[in-house]
Amino acid sequence: MLIPFQQLLDLPATLESGQAFRWKRLDDSSSGGDGWYEGVIFNNVVRLRHDAEGIEFRCGPDEESAMAPLVADYLRLSDDLDAIYRSINVDEKIGSAIDRFRGLRLIRQEPWECLVSFICSANSNIRRISTNVEDISKSFGRPIALDGRERHAFPSPQELAEAGEGPLRELGLGFRAKYVAPVARMVADGEVDLFALREASYNDALEALIALPGVGDKVANCVMLFSLEKMEAFPVDVWVDRALRDWYLDRLNANGADASGKVTKKGMRPWAQGYFEAYAGYANQYLFHDRRLQGRATTS
DNA sequence: AGCCAGGCCCTCC
DNA sequence: GGAGGGCCTGGC
């Protein structure tokens, strides 16, 4: 099925920029063509390809006609990128990052999977996070298939709560298992309503997320940005930290420093949110992607 | 071999 | 309140 779409979109950058962890680029032999990505969203195996006419996709077990609006929503196709660029393009640094990755979109993930994924991200790396999320799905999620290729749905909070910490450790989550297990229990019991946080203010959502074990400011901002509609969220990880210090140190020293005059992660986020304003999260993703591809060698 | 990877939490000061 | 160390594990 085709979702007609003629506007800016860089699908590979969008799916491979570390926002979500279950997308795989398929090779020719298994997909019968170039440019296909396969992931699992909304309890479906979904394959996507972008061409001049729009987004071609297939899915199972649900009907393509039912999945089409969810895919469009997931890819944030209604975001007006040109308007967002006008909003965040406040200097030549971020401008150059925008030029390099025009069409990179934030995605609107399912909050529960997003939360678990970023709890798993602590002191880890993208490849390992991907392995963790895939292993969690294989062990505790329902099998689903498309054209004979089997994947697994991401398990529900109940399913993960029943699994408990021990089996999660056995999957190689390490110390993150002791956070994922209780958070699953809390979400399953309704102590936190993740979808309700979409309607909450940024500050209320942040407070609710940080109350969860294994969730600090960085993880909470990732969850808010990638799944809870908080476009002003601004997660400061090591890459964004490096990018900001490299490009904005003078401004940070003037406005993002703490009482003792030092620039800290804690001070960087509010500064950046004030500097890039309503769509700071988009600026964040471009800074992150730019710096991550650039690698560590050039930082000093 | 030792260090680091897209942090968080706890302890001490 | 904030600086410092520990934490699972895999990869270089």
Side-chain angles (χ1 to χ4, degrees), chain A residues 13-23 97 101 104 106-107 109 113-136 139 163-184 186 192 206-227 230 233-246 256-270 272 280-300:
Chain A
T14 298
L15 297 180
E16 297 186 71
S17 56
Q19 305 177 241
F21 302 95
R22 298 200 70 192
W23 292 100
F101 306 115
L104 167 59
L106 290 173
I107 53 181
Q109 298 180 231
E113 177 179 335
C114 188
L115 174 60
V116 174
S117 299
F118 282 95
I119 289 176
C120 290
S121 76
N123 209 13
S124 188
N125 55 72
I126 291 181
R127 188 167 62 201
R128 187 176 174 196
I129 301 162
S130 302
T131 301
N132 289 157
V133 176
E134 197 68 28
D135 287 346
I136 289 171
S139 295
E165 179 183 336
L168 288 169
R169 273 192 186 262
E170 286 174 21
L171 289 183
L173 291 202
F175 62 85
R176 302 157 198 88
K178 69 174 178 285
Y179 304 133
V180 171
V183 166
M186 294 168 76
V192 205
L206 177 61
E207 185 181 5
L209 289 172
I210 284 190
L212 302 173
V215 180
D217 193 87
K218 189 271 177 184
V219 169
N221 273 272
C222 284
V223 175
M224 289 194 286
L225 182 58
F226 301 140
S227 75
K230 304 297 182 279
F234 197 92
V236 180
D237 57 40
V238 298
W239 302 106
V240 172
D241 183 295
R242 289 169 188 150
L244 291 181
R245 287 178 196 278
D246 190 10
D258 64 11
S260 65
K262 271 198 266 190
V263 174
T264 63
K265 280 194 175 187
K266 191 173 179 224
M268 292 169 106
R269 175 173 65 73
Y282 255 100
N284 181 287
Q285 190 62 17
Y286 280 73
L287 292 174
F288 171 78
H289 195 57
D290 184 74
R291 183 53 54 126
R292 193 168 73 87
L293 293 189
Q294 184 181 336
R296 299 195 305 156
T298 55
T299 62
S300 60

Donor-acceptor pair, [X] side chain versus [Y] backbone, under 3.5 Å?
X: A:Arg128; Y: A:Gly172; answer: yes
X: A:Arg176; Y: A:Ala122; answer: yes
X: A:Asn221; Y: A:Ala233; answer: no
X: A:Arg242; Y: A:Trp239; answer: no
X: A:Asn284; Y: A:Pro235; answer: yes

Between [N] and [M], how many Å separate the two [atom1] atoms, rounded to a whole number?
N: B:dG2; M: C:dG6; atom1: P; value: 15 Å
N: C:dG2; M: B:dG6; atom1: C1'; value: 23 Å
N: C:dC8; M: B:dT11; atom1: P; value: 15 Å
N: B:dC3; M: C:dG5; atom1: C1'; value: 15 Å

I need the [atom1]-[atom2] distance between [X] and [N], as an integer number of Å.
X: A:Asp241; N: B:dA5; atom1: CG; atom2: C1'; result: 15 Å
X: A:Leu244; N: B:dG6; atom1: CG; atom2: C1'; result: 14 Å
X: A:Asp237; N: B:dC8; atom1: CG; atom2: C1'; result: 14 Å
X: A:Phe21; N: B:dG6; atom1: CZ; atom2: C1'; result: 8 Å
X: A:Leu173; N: C:dT9; atom1: CG; atom2: P; result: 10 Å
X: A:Lys266; N: C:dG4; atom1: NZ; atom2: P; result: 16 Å
X: A:Ile119; N: B:dC9; atom1: CD1; atom2: C1'; result: 13 Å
X: A:Glu165; N: C:dC7; atom1: CD; atom2: P; result: 15 Å

For [X], side chain to side chain contact (heavy atoms under 4.5 Å, CB included) partners two or more places apart:
X: A:Ala181; answer: A:Glu165, A:Leu168
X: A:Ser139; answer: A:Leu171
X: A:Tyr179; answer: A:Ile119, A:Phe175, A:Pro213

Check your understanding: Considering only heavy atoms and no angle criterion, is a donor-acceptor pair shorter than 3.5 Å present between the side chain of A:Arg176 and the base of C:dC8?
Key -> yes
Check your understanding: Using a heavy-atom distance cut-off of less than 4.0 Å, which residues of residues 209-224 of chain A contact DNA chain C?
Key -> none
Exercise for review: Name every residue in residues 121-135 of chain A that has at least one heavy atom under 4.0 Å from any atom of DNA chain B, in order of residue number, or write none if there are no such residues.
Suggested key: A:Ser121, A:Ala122, A:Asn123, A:Ser124, A:Asn125, A:Ile126
Study note, to complete from the structure: The nucleotide from B:dA5, C:dC7, B:dC8 with an atom nearest the side chain of A:Phe175 is C:dC7
Exercise for review: Give A:Lys262 one of three labels, base, sugar-phosphate or nothing, depending on what nucleic acid heavy atoms sit under 4.0 Å from its own.
Suggested key: nothing
Spacing of [X] atom [atom1] and [Y] atom [atom2] [to the nearest 0.5 Å]:
X: A:Phe118; Y: A:Lys218; atom1: CZ; atom2: NZ; value: 5.5 Å
X: A:Cys114; Y: A:Met224; atom1: SG; atom2: CE; value: 11.0 Å
X: A:Gln285; Y: A:Leu287; atom1: CD; atom2: CG; value: 9.5 Å

Check your understanding: Given B:dC9, is OP1 or OP2 found less than 4.0 Å from the side-chain N or O atoms of A:Lys178?
Key -> no
Check your understanding: Should A:Arg169 be listed as having a side-chain N or O under 4.0 Å from OP1 or OP2 of C:dC8?
Key -> yes
Review point. How about A:Lys178: does its NZ atom have over 12 heavy atoms from other parts shown lying under 6.0 Å from it?
Key: yes
Practice item. Dot-bracket for DNA chain C, please, read 5' to 3', with Watson-Crick or G-U wobble pairs under 3.5 Å on both distances, ( ) within the strand, [ ] crossing, | other strand, . unpaired. Key: |||||||.||||
